[in-house]
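Step one of this worksheet: look at the structure below.
Remember, it's 1-based here, ligands and their atoms both numbered in the order they're listed.
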Amino acid sequence: MTIVSPSILSADFTKLGADCRMVMDAGAQMLHYDVMDGHFVPNISFGVPVLKSLHKGMPAAFYDVHLMISHPLAYAEPFAKAGATLQNFHLECEDDIQQTIDAIKAQGCKVGLTIKPGTAPEALAPYLDQLDLVLVMSVEPGFGGQKFMADMMPKVQTIRGYIDAMNPACELEVDGGVDSGTCRLCIASGANVLVAGSAVYKSADIPAKIKELRG
Ligand code: DX5
Ligand code: ZN
């Protein structure tokens with residue numbers, strides 16, 4: 001069964017806790033927490049203190065933390081302490097990849113590696129056996145509500161092949177422009193975790209939308 005991880009970047013921040021609880025009650029298995037530093041991407045979102053508050057209110061939720069930041073290594077410990085379940089950082093960041101994987105694992109978190117649309121899947125191969133999740137971006141990171149890049153699907157298929165051969169327990173997530181139509185392409189290409197921000201939070205019937213996104 002496909003896992004849906006709503007991106008809370010599209011939530012109403014005046015009632016963020018309630019908006020998180022609502023999608024969990026509606027059948028989401030993860031909460032996708034988009035951290036942006038205004039450097040790795042041209043936008044700033046939220047960071048450690050907001051996660052800490054959410055985790056305090058909802059300690060049992062799975063926090064799928066997507067770090068769109070240039071220096072994830074220094075934040076492995078603060079995000080772990082704030083309640084991250086999984087820390088998902090970019091292969092294109094400025095820190096040493098192996099050191100960052102080791103630091104996140106040492107904090108007791110699951111670890112994911114994310115690639116931007118311009119990055120080839122081969123670049124992930126050296127790390128694949130150590131990962132709990134691979135995230136393929138289907139938009140340029142930085143903003144919600146962008147158009148899905150269907151030309152990323154061959155890359156998802158290639159990575160599905162790597163995962164099946166090297167680390168079958170690893171999850172394969174797609175993020176950006178996922179909606180009722182494009183979710184099928186992702187699932188058919190081998191993804192098993194789908195991030196959806198606008199599609200979920202703009203829906204009039206959120207439980208039905210989450211069900212639909214599962215394919
Ligand atoms: C983009 C973020 C995404 C985004 C998804 O930089 O990583 O998680 O919030 O939003 P939608 O589903 O609206 O494309
Ligand atoms: Zn994201």
Enumerated ligand 1 atoms positioned under 4.0 Å from heavy atoms of [X]:
| X | answer |
| --- | --- |
| P141 | 6 (O) |
| H32 | 8 (O) |
| M68 | 6 (O), 7 (O) |
| V195 | 8 (O) |
| A196 | 12 (O) |
| G176 | 14 (O) |
| M137 | 7 (O) |
| H66 | 7 (O) |

Worksheet item: With a 3.5 Å cut-off and no angle check, do the side chains of S45 and D34 form a donor-acceptor pair?
Response: no
Worksheet item: Using a distance-only test with no angle check, is there a side-chain donor-acceptor pair under 3.5 angstrom linking S180 and K209?
Response: yes
The Zn ion (ligand 2) - closest N/O/S atom in [X]:
| X | value |
| --- | --- |
| D175 | OD2 |
| D34 | OD1 |
| H32 | NE2 |
| H66 | ND1 |

At what distance is the nearest protein heavy atom to [atom], and which residue and atom is it?
| atom | result |
| --- | --- |
| atom 14 (O) of ligand 1 | G177 N, 2.8 Å |
| atom 5 (C) of ligand 1 | D175 OD1, 3.5 Å |
| atom 1 (C) of ligand 1 | F143 O, 3.5 Å |
| atom 12 (O) of ligand 1 | G197 N, 2.7 Å |
| atom 10 (O) of ligand 1 | G144 CA, 3.6 Å |
| atom 6 (O) of ligand 1 | G142 N, 2.7 Å |

Any idea which heavy atoms bring [X] and [Y] closest together, and the distance?
| X | Y | answer |
| --- | --- | --- |
| C93 | S70 | CB-O, 3.6 Å |
| L131 | N167 | O-ND2, 2.9 Å |
| A150 | P154 | O-CD, 4.1 Å |

Worksheet item: Under 4.0 Å from ligand 1, counting heavy atoms only, is it the side chain of S198, its backbone, both or neither?
Response: both
Is a donor on one side and an acceptor on the other found under 3.5 Å between the side chain of [X] and the backbone of [Y]?
| X | Y | answer |
| --- | --- | --- |
| S189 | Q157 | no |
| S138 | F148 | no |
| R21 | G57 | yes |

Worksheet item: Hey, does G145 come in under 3.5 Å of ligand 1, counting only N/O atoms on both sides?
Response: yes
Discussion item. I want to know whether F13 and F46 have ring centres closer than 6.0 Å.
Written reply: yes
Worksheet item: Using 30° and 60° as the class limits, which term best fits the ring planes of H90 and F40: parallel, tilted or perpendicular?
Response: tilted
Discussion item. Are more than 12 heavy atoms, taken from residues, nucleotides or ligands other than Y75, located less than 6.0 Å from that residue's OH atom?
Written reply: no
Item to complete: Compare all side-chain heavy atoms of C109 with those of V111 and state whether any distance is below 4.5 angstrom.
Response: no
